[in-house]
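This report concerns only the one structure given below.
Values below: every heavy atom of this structure, side chains too, minus hydrogens, waters and symmetry copies. We count ligands from 1, going down the list as the structure has it; atoms in each ligand are counted the same way. Being a predicted model, the structure only gives us computed values, none of them experimental.
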Amino acid sequence: MAWNRKHLLDIESLDADELNTVLDTARAFKAVGTRAIKKVPALRGKTVINLFVEPSTRTRISFELAEQRLSADVINFTAEASSLKKGETLKDTARNLEALNADFIVIRHSASGAPHFLSRFLNASVVNAGDGAHEHPTQALLDAFTIREKKGRIAGLNVTILGDILYSRVARSNIWALTKLGANVTLCGPSTLVPKVFEKMGCRVTYSVEEAIKDADIINLLRIQHERQRQTMFPSLNEYTSLFGLTRARMDRTKPDALIMHPGPINRGVEIDSEIADCKRSVILEQVTNGLAVRMAVLFLINGGKPQEVAA
Ligand code: CP
């Protein structure tokens, strides 16, 4: 199936067929990653600029590696050393990057909607690498890929997302992706961080961590997004950990094959006990590995590639 999208701005606007096309293409790219020669010529002659205006480790580096594996020319924009510091606007910055013949702009920004804004006036393809508390589409795609790879399916699985939902772009993108793919999504955390309004997105909200984890096939933990909270949302980190942290005692009350996920960065001893983060049922580092194949797939498909052409 062709993927007729110029940009990847969000998961909300994608349908299940489009999501599955990305996942299938990513599976093919993951196989390419096991070959002696891991590079393919799909983006040869194309210029990709990684416009990260907010910190990142996993997303920035895996996008850069994905672009290199696709043979693109890659430029990494460093916000701190750029003319943004001299008052240049995001719009002018992006238009100047396009004047240098950028074909793709991969943007991370603290403002929700920044990628949509760029897509309205740029000819380049825009890929959202995380915008404020809005969406983080490639994170949701790599999470869905990991679930499908480990469990063989997504439809019918019980997925619990536990933590700071309100300020999490990962949560929003995961909710869109997983509900479209047929999972039963439960949200849990302090009531100040998990408003009931999220039920309108097709998921269940509970404030009982015991209830949220007991039948879960997947437990996806989120850190507290202090950088986006303008007020105190709960009394203390210690209280958060005691009420909602995934401790050994709570882990013992989960299904024996429940998987533990986290988009990172993890805060050991806050939302997750250190030993749980490193245990056999944790797939946190496999998520990072899968991010490379997923980001290759996204760039390949936006560039007009066909899934069946990956192996060639
Ligand atoms: N998961 C994620 O987006 O991590 P980074 O902020 O390190 O990119």
Side-chain angles (χ1 to χ4, degrees), residues 8-12 22-23 26 48-69 74 76-80 104-115 126-147 149-150 159 161-178 189 193 218-229 246 259-268 270-272 276-278 282-299:
L8 177 63
L9 302 177
D10 53 41
I11 298 290
E12 182 179 3
V22 179
L23 302 185
V48 186
I49 300 188
N50 297 314
L51 175 54
F52 278 62
V53 190
E54 204 191 47
S56 169
T57 297
R58 284 146 289 271
T59 313
R60 186 177 60 77
I61 291 175
S62 65
F63 261 115
E64 185 178 346
L65 192 52
E67 293 147 10
Q68 290 176 358
R69 291 266 173 97
V74 180
N76 290 313
F77 174 95
T78 309
E80 289 301 311
F104 290 81
I105 293 186
V106 178
I107 178 170
R108 167 167 291 194
H109 203 285
S110 57
S112 297
V126 177
V127 180
N128 183 356
D131 63 323
H134 175 232
E135 282 224 37
H136 192 345
T138 57
Q139 180 68 47
L141 288 163
L142 75 88
D143 291 343
F145 181 91
T146 305
I147 293 170
E149 183 177 65
K150 302 300 285 187
V159 181
I161 307 177
L162 174 58
D164 173 358
I165 310 291
L166 182 61
Y167 293 97
S168 172
R169 54 195 175 209
V170 174
R172 282 176 184 74
S173 286
N174 261 270
I175 294 166
W176 287 124
L178 295 172
L193 293 175
I218 307 289
I219 302 171
N220 194 353
L221 301 166
L222 300 178
R223 73 182 172 89
I224 305 298
Q225 328 262 316
H226 295 288
E227 70 275 25
R228 280 188 263 286
Q229 296 179 6
L246 192 60
L259 297 178
I260 308 305
M261 300 179 71
H262 194 308
I266 60 176
N267 289 138
R268 290 175 186 266
V270 181
E271 70 272 11
I272 186 167
I276 309 281
D278 300 327
S282 162
V283 295
I284 295 172
L285 293 178
E286 287 173 74
Q287 290 171 258
V288 178
T289 302
N290 292 334
L292 173 59
V294 163
R295 289 171 177 128
M296 287 177 80
V298 164
L299 294 166

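His262 pairs in a side-chain hydrogen bond (donor to acceptor under 3.5 Å, both in side chains) with only one of the listed residues (Arg223, Gln287, Glu271), which is Glu271.
Taking a cutoff of 4.0 Å between a charged side-chain nitrogen and a carboxylate oxygen, Arg172 and Asp131 do not qualify as a salt bridge.
For the pair Arg108/Arg60, no side-chain contact is recorded, criterion being any heavy-atom separation below 4.5 Å from C-beta on.
Rounding to the nearest 0.5 angstrom, the gap separating the CG atom in Asp164 from the CG atom in Leu221 is 12.5 Å.
Protein residues with a heavy atom under 4.0 Å from ligand 1 are Ser56, Thr57, Arg58, Thr59, Arg108, His136, Gln139, Pro263, Gly264.
Ser282 places no side-chain N or O within 3.5 Å of a backbone atom of Asp278 that could act as its donor or acceptor partner.
Ala129 and His136 make their closest contact through O-CE1, 3.6 Å (heavy atoms, listed as atom of the first residue, atom of the second, distance).
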